[in-house]
Amino acid sequence: MGILSNLALAFKGGSPHKPQLSPPSGRFFYASGSGYGVQGGSASGQSYVALLRAAYLQNPVAQRCVRIVADSVGSAPLAGDEAAKAIINIAAQGTPLLSLIASHLVLHGNSYVQIICGADGDIESLYALRPDRITVETDENGWPKCYLYQIGEKINRIDAMADDGKPQIVHLRSFHPDDDHYGLGCLGAAAESVAIHNAASRWNRSLLDNAARPSGALVYDPGEPGAVLSADQFDRLKAELEASYSGADNAGRPLLLEGGLKWQGMSLSPADMDFVALKATAAREIALAFGVPPMIIGLPGDNAYANYREANRALWRLTIMPLLGSILDGLNSALTQWPSFGADRVDPLRVDMDQIPAFSEDRERLWSRINAADFLSDDEKREAVGLMPATHSSGQ
């Protein structure tokens, strides 16, 4: 490798000794207008768009889980450089930028943020691109060199790095053990449970459309072996049942029986009871795939107030904070490449833990322990809870 190539890699933050990566996985592909591209796929081999429609557009449990995580990430209080916060807080497509990024990461496993520069060459805005429209194009060693963004028949080519070495795309992705270039979303893991839950909902809808499960049956007993209702009698009885005794408006209405007819009640069989439990289990598995405690979305369980409070804290600790931390780390790394957010001036974006209600009890316990530590000075106590010493804050 020549000296010019080495210098170019150095200015772009690269290294001539980078390991060779595999080319992009063949499981990520494009078809015009279809928006295929699910990393890892599902057992049924469905595309990303098919999984997205089944889960987010049709399943209330999956949609609620995604919205809880994304809205929490988007509304989390931030601390850090004011200019960086102003860029991050610009709403894109009518939705907070962090919410869009979190939604893409949870559903698709990848989030691509395009950096839009103004006439002065500095950052003007950030825009979250749809991940299912993007394909990574690599160099001979397997490292990304540009991103292909397809809208219908048109493909836009966006270089990973500009001529001056600044990134033009921030690619955030979740861990994928079998792919060097694309992350792994939650849709594939939740696909089977979503299919079961949707099928159960369609089954229940069909029962309602057919006047729900019959509470009983009319049995004809003429008293003579082999005797049956005539065709006219059968049609008249069926029409009378449908018109006068079926549907929600006729629920509980008394039934008038003629000679030879008797009513035999029905109840749920053990198999029917298992069907109800199966739907509840599928809902819990969907919530598990998206990292949301079941009681947060109202699923049956130990829904006591104390348990709900602990579940909310676990949601923030185990799902929202790690996701938000990885997003902010990626954005901070990109923003420091520009003059307005240079590494020598920027106060990195971070989560203001003190402003999150879910951690209020943790803060109270911490402050109580620190306040009771008589061997610490006031300045040491302030530092222990993340505050500047009083001598610094007063300007001394």
Side-chain angles (χ1 to χ4, degrees), residues 24-59 61-74 92-93 95-114 126-137 144 147-151 155-156 158 160 169-195 286-292 319-320 322-331:
S25 169
R27 287 168 296 188
F28 191 98
F29 58 94
Y30 269 99
S32 295
S34 61
Y36 295 129
V38 56
Q39 282 65 50
S42 66
S44 60
Q46 293 177 291
S47 69
Y48 170 73
V49 170
L51 293 175
L52 184 67
R53 289 173 178 170
Y56 193 82
L57 302 185
Q58 299 177 14
N59 190 274
V61 178
Q63 184 183 109
R64 184 57 182 155
C65 288
V66 175
R67 289 183 67 90
I68 285 176
V69 174
D71 291 346
S72 298
V73 168
Q93 303 144 309
T95 304
L97 177 65
L98 292 180
S99 293
L100 279 175
I101 295 174
S103 298
H104 291 162
L105 283 173
V106 170
L107 291 168
H108 192 273
N110 299 271
S111 182
Y112 302 88
V113 182
Q114 185 177 9
L126 302 175
Y127 190 86
L129 303 173
R130 274 183 52 175
D132 57 300
R133 291 178 173 173
I134 289 185
T135 300
V136 178
E137 187 175 286
Y147 298 88
L148 305 180
Y149 187 72
Q150 180 174 357
I151 304 177
I155 297 179
N156 296 324
I158 306 172
I169 292 285
V170 182
H171 181 190
L172 306 170
R173 69 187 188 100
S174 58
F175 174 68
H176 194 319
D178 192 33
D179 204 302
D180 291 328
H181 303 89
Y182 302 105
L184 181 64
C186 300
L187 284 181
E192 295 302 321
S193 298
V194 167
I286 294 170
L288 176 64
F290 288 101
V292 177
T319 301
I320 297 173
L323 178 62
L324 185 54
S326 63
I327 293 174
L328 294 181
D329 288 344
L331 294 178

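Here the shortest heavy-atom pairing between I320 and S72 reads CD1-CB, 3.2 Å. The two residues T319 and F290 make their nearest non-hydrogen contact at CG2-O, 4.1 Å. What you find for A55 and L187 is that their closest heavy atoms are CB-CD2, 3.6 Å. The minimum heavy-atom distance linking G185 with S174 is given by the pair N-OG, 4.3 Å. Closest approach of H181 and R173 over heavy atoms only: O-CD, 3.8 Å. Taking both residues in full, the closest heavy atoms of C186 and A289 are given as SG-O, 3.4 Å, listed atom of the first, atom of the second, then distance.
Contact annotation: the side chain of V170 never approaches that of L126 to less than 4.5 Å [non-hydrogen atoms, C-beta and beyond]. Under the 4.5 Å side-chain criterion, counting only non-hydrogen atoms from C-beta, Y147 is in contact with V136. Inter-residue side-chain proximity for I169 and L129 is flagged as met; some heavy-atom pair is nearer than 4.5 Å.
Outside the 6.0 Å centre-distance limit, the rings of Y182 and H176 are not counted as a close aromatic pair.
Taking CD1 of I155 as the reference point, atom CG of L148 lies at 6.0 Å (rounded to 0.5 Å). Expressed to the nearest 0.5 Å, how far NE2 of H104 lies from CZ of R130 amounts to 8.0 Å. Taking CG of N59 as the start and CZ of R53 as the end, the distance is 16.0 Å to the nearest 0.5 Å. Taken to the nearest 0.5 Å, the CG atom of L328 stands 9.5 Å off from the CG atom of L323. Here the CG atom belonging to L98 is positioned 12.0 Å from the OG1 atom belonging to T95, to the nearest 0.5 angstrom. If you take CG on L172 and CG on D329, they are separated by 9.5 Å, rounding to the nearest 0.5 Å.
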Stepwise side-chain contact (heavy atoms from CB on, under 4.5 Å) check, L107 with V66
CA-CA 8 Å; L107 291 168; V66 175; 3.7 Å; yes

V113/L100 under side-chain contact (heavy atoms from CB on, under 4.5 Å): CA gap, chis, key distance, verdict:
CA-CA 10 Å; V113 182; L100 279 175; over 6 Å; no

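Scanning for side-chain contact (heavy atoms from CB on, under 4.5 Å) contacts around A54 gives V194, N198, with sequence neighbours left out.
A parallel orientation is assigned to the rings of Y112 and H171, their planes being inclined by less than 30° (bins at 30° and 60°).
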